[in-house]
J.: 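Starting off with a structure, shown below.
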Amino acid sequence: LSTYFSMLFVLALYLQEGLGHSPLYSGMALVSWVAAFGLAGPLFRRLPATFRLRRVAVAGPLVLAGAHAAISVSLLLGELPGWWLMTVLGVGGLGLGLAFTAMLNQLTSAVSASRAADLSGLLPTTGQLFGVIGIATFGTCYLALAGDSPRAAFVVVTAAFALVSAGSALLAHVATRGSAQPPAQELTGRGT
């Protein structure tokens with residue numbers, strides 16, 4: 001989640017201060033990112049149960065990493081047209097949403113009912129904490145580099161997002177190893 005909140009922050013800075021776009025444009029550019037994230041949950045439920053956990057938990061962050069890398073490469077090769085940015089953000093938001101949904105499904109299926117309240121407090125707390133850490137880290141990086149070239153700063157930050165997302169895919173692979181079959185609750189429809 002650190003890259004999710006950080007992208008919202010850094011992209012708004014880049015579009016408004018770096019490129020001179022209006023706050024309305026900046027906000028509209030992020031709609032595809034947030035909307036695709038929201039569509040991931042219903043899409044996840046429609047996937048075959050045996051496909052969901054391990055494959056989606058790894059594929060989601062890889063899709064997100066690809067989207068971040070596509071933004072970096074596009075800027076290195078030339079301009080980043082608005083339609084392309086919004087399309088890539090939509091793909092990245094979907095990847096992040098699928099990864100988040102798979103993780104949430106794994107965690108809620110792994111805890112007993114007596115620990116559900118603990119988990120329901122832990123998940124939003126850690127999400128907010130990593131959001132703040134991400135904004136502080138990536139936002140500081142962007143702001144430190146943007147004085148010379150906002151474009152170069154955004155390339156560096158989106159490349160860093162791609163690396164973090166690829167690392168998340170690796171961690172998801174390790175965390176779901178041996179979890180080829182979904183938990184029993186998920187098979188009966190009582191998960192999440």
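Scope of the values below: all heavy atoms of this structure, side chains included, with no hydrogens, waters or symmetry mates.
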J.: Do Val31 and Leu15 sit in one hydrophobic cluster, given that two such residues count as connected whenever their side-chain heavy atoms are within less than 4.5 Å of each other, even indirectly?
T.: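 No, because Val31 and Leu15 fall into different hydrophobic clusters, even though each may have its own neighbours under 4.5 Å.
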J.: Compare every heavy atom of Ser120 with every heavy atom of Ala117, then report the nearest pair and how far apart it is.
T.: O-OG, 2.9 Å
J.: Would you say the side chain of Ser6 lies within less than 4.5 Å of the side chain of Tyr142, judging by non-hydrogen atoms?
T.: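 They are not in contact (no side-chain heavy atoms under 4.5 Å apart), so the answer is no.
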J.: Is there a chain of hydrophobic side chains (I, L, V, M, F, W, Y, each step under 4.5 Å between heavy atoms) that links Phe130 to Phe161?
T.: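 Result: no, two separate clusters.
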J.: Is it true that Val88 and Val34 fall in one hydrophobic cluster, defined by side-chain heavy atoms closer than 4.5 Å?
T.: yes
J.: Are the side chain of Ser72 and the backbone N or O of Val155 linked by a donor-acceptor pair below 3.5 Å?
T.: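 Side chain of Ser72 to backbone of Val155: a pair is present.
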J.: For Leu75 and Tyr14, what are the C-alpha separation, side-chain angles and deciding distance, and is it a side chain to side chain contact (heavy atoms under 4.5 Å, CB included)?
T.: CA-CA 12 Å; Leu75 284 170; Tyr14 175 65; 3.6 Å; yes
J.: If I compare all heavy atoms of Phe5 with all of Gly127, which pair ends up nearest, and what's the gap?
T.: CE1-O, 3.7 Å
J.: What pairs meet the ring-ring contact (aromatic ring centres under 6.0 Å, His included) rule with one or both residues in residues 99-128, with sequence neighbours excluded?
T.: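 Every ring-ring contact (aromatic ring centres under 6.0 Å, His included) pair that includes a residue of residues 99-128, provided the two are not neighbours, is Phe37-Phe100.
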J.: Report yes or no: does Thr140 contribute a side-chain atom to a donor-acceptor pair with the main-chain N or O of Thr137 at less than 3.5 Å?
T.: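 Side chain of Thr140 to backbone of Thr137: no pair is present.
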J.: Distance check, rounded to the nearest 0.5 Å: Leu170 atom CG versus Leu62 atom CG?
T.: 9.5 Å
J.: Please report the closest heavy-atom contact between Val56 and Leu98, naming both atoms and the distance.
T.: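 Where Val56 meets Leu98 most closely, the heavy atoms are CG1-O, 3.6 Å.
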J.: Hey, can you pull the donor-acceptor pairs under 3.5 Å for the side chains in residues 17-26, sequence neighbours left out?
T.:
{"unit_1": "Ser22", "atom_1": "OG", "unit_2": "Leu24", "atom_2": "N", "d": "3.4"}
{"unit_1": "Ser22", "atom_1": "OG", "unit_2": "Tyr25", "atom_2": "N", "d": "3.1"}
{"unit_1": "Ser26", "atom_1": "OG", "unit_2": "Gln16", "atom_2": "NE2", "d": "3.2"}

J.: Do Val10 and Ile135 pass the side chain to side chain contact (heavy atoms under 4.5 Å, CB included) test, and can you show the C-alpha distance, the side-chain angles, and the key distance before you say yes or no?
T.: CA-CA 8 Å; Val10 172; Ile135 290 171; over 6 Å; no
J.: Please report the interatomic distance CG(Leu123) to OG1(Thr108), rounded to the nearest 0.5 Å.
T.: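 That separation rounds to 8.5 Å.
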J.: Judged by atom type as modelled, is there a donor-acceptor pair below 3.5 Å linking the side chain of Ser165 to the main-chain atoms of Pro61?
T.: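 No, because the side chain of Ser165 does not come within donor-acceptor range (under 3.5 Å) of the backbone of Pro61.
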J.: Could you check whether the rings of His68 and Trp33 sit parallel, tilted or perpendicular, using 30° and 60° as the cut-offs?
T.: tilted
J.: State, to 0.1 Å, how close Ala166 and Ala65 come at their nearest heavy-atom pair, and which atoms those are.
T.: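 Heavy-atom minimum between the residues: N-CB, 3.8 Å.
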J.: Measure across Ala40 and Gly97 and return the closest heavy-atom pair with its distance rounded to 0.1 Å.
T.: CB-C, 3.2 Å
J.: To the nearest 0.5 Å, tell me how far Arg55 CZ sits from His173 NE2.
T.: 12.5 Å
J.: Nearest 0.5 Å please: distance from the CD1 atom of Ile71 over to the CZ atom of Phe154.
T.: 5.5 Å
J.: Apply side chain to side chain contact (heavy atoms under 4.5 Å, CB included) to residues Leu94 and Val63 and explain how you reach the verdict.
T.: CA-CA 8 Å; Leu94 182 65; Val63 169; 5.7 Å; no
J.: If you compare all heavy atoms of Gly92 against all heavy atoms of Ala67, which two are closest, and at what distance to 0.1 Å?
T.: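 Closest approach of Gly92 to Ala67: CA-CB, 3.5 Å.
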J.: Is there a continuous path of hydrophobic side-chain contacts, each under 4.5 Å between heavy atoms, that joins Leu8 to Leu96?
T.: yes
J.: So, do Leu89 and Ser32 sit near enough that their side-chain heavy atoms are less than 4.5 Å apart?
T.: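 Side chain of Leu89 against side chain of Ser32, heavy atoms only: contact under 4.5 Å found.
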J.: Cluster question for you: counting only ILVMFWY and a side-chain heavy-atom cut-off of under 4.5 Å, with indirect links fine, are Leu119 and Met103 together?
T.: yes
J.: Are Val157 and Leu145 side-chain neighbours, meaning at least one heavy-atom pair lies under 4.5 Å?
T.: no
J.: Calculate, to the nearest 0.5 Å, the distance between atoms OG1 and CG belonging to Thr101 and Leu47 respectively.
T.: 10.0 Å
J.: I'd like to know whether Val164 forms a side chain to side chain contact (heavy atoms under 4.5 Å, CB included) with Phe138, so could you lay out the CA-CA distance, the side-chain angles of the two residues, the decisive distance to 0.1 Å, and finally the verdict.
T.: CA-CA 11 Å; Val164 169; Phe138 296 112; 3.8 Å; yes
J.: To the nearest 0.5 Å, how far apart are CG in Leu30 and CE in Met7?
T.: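 Reported value, rounded in 0.5 Å steps: 8.5 Å.
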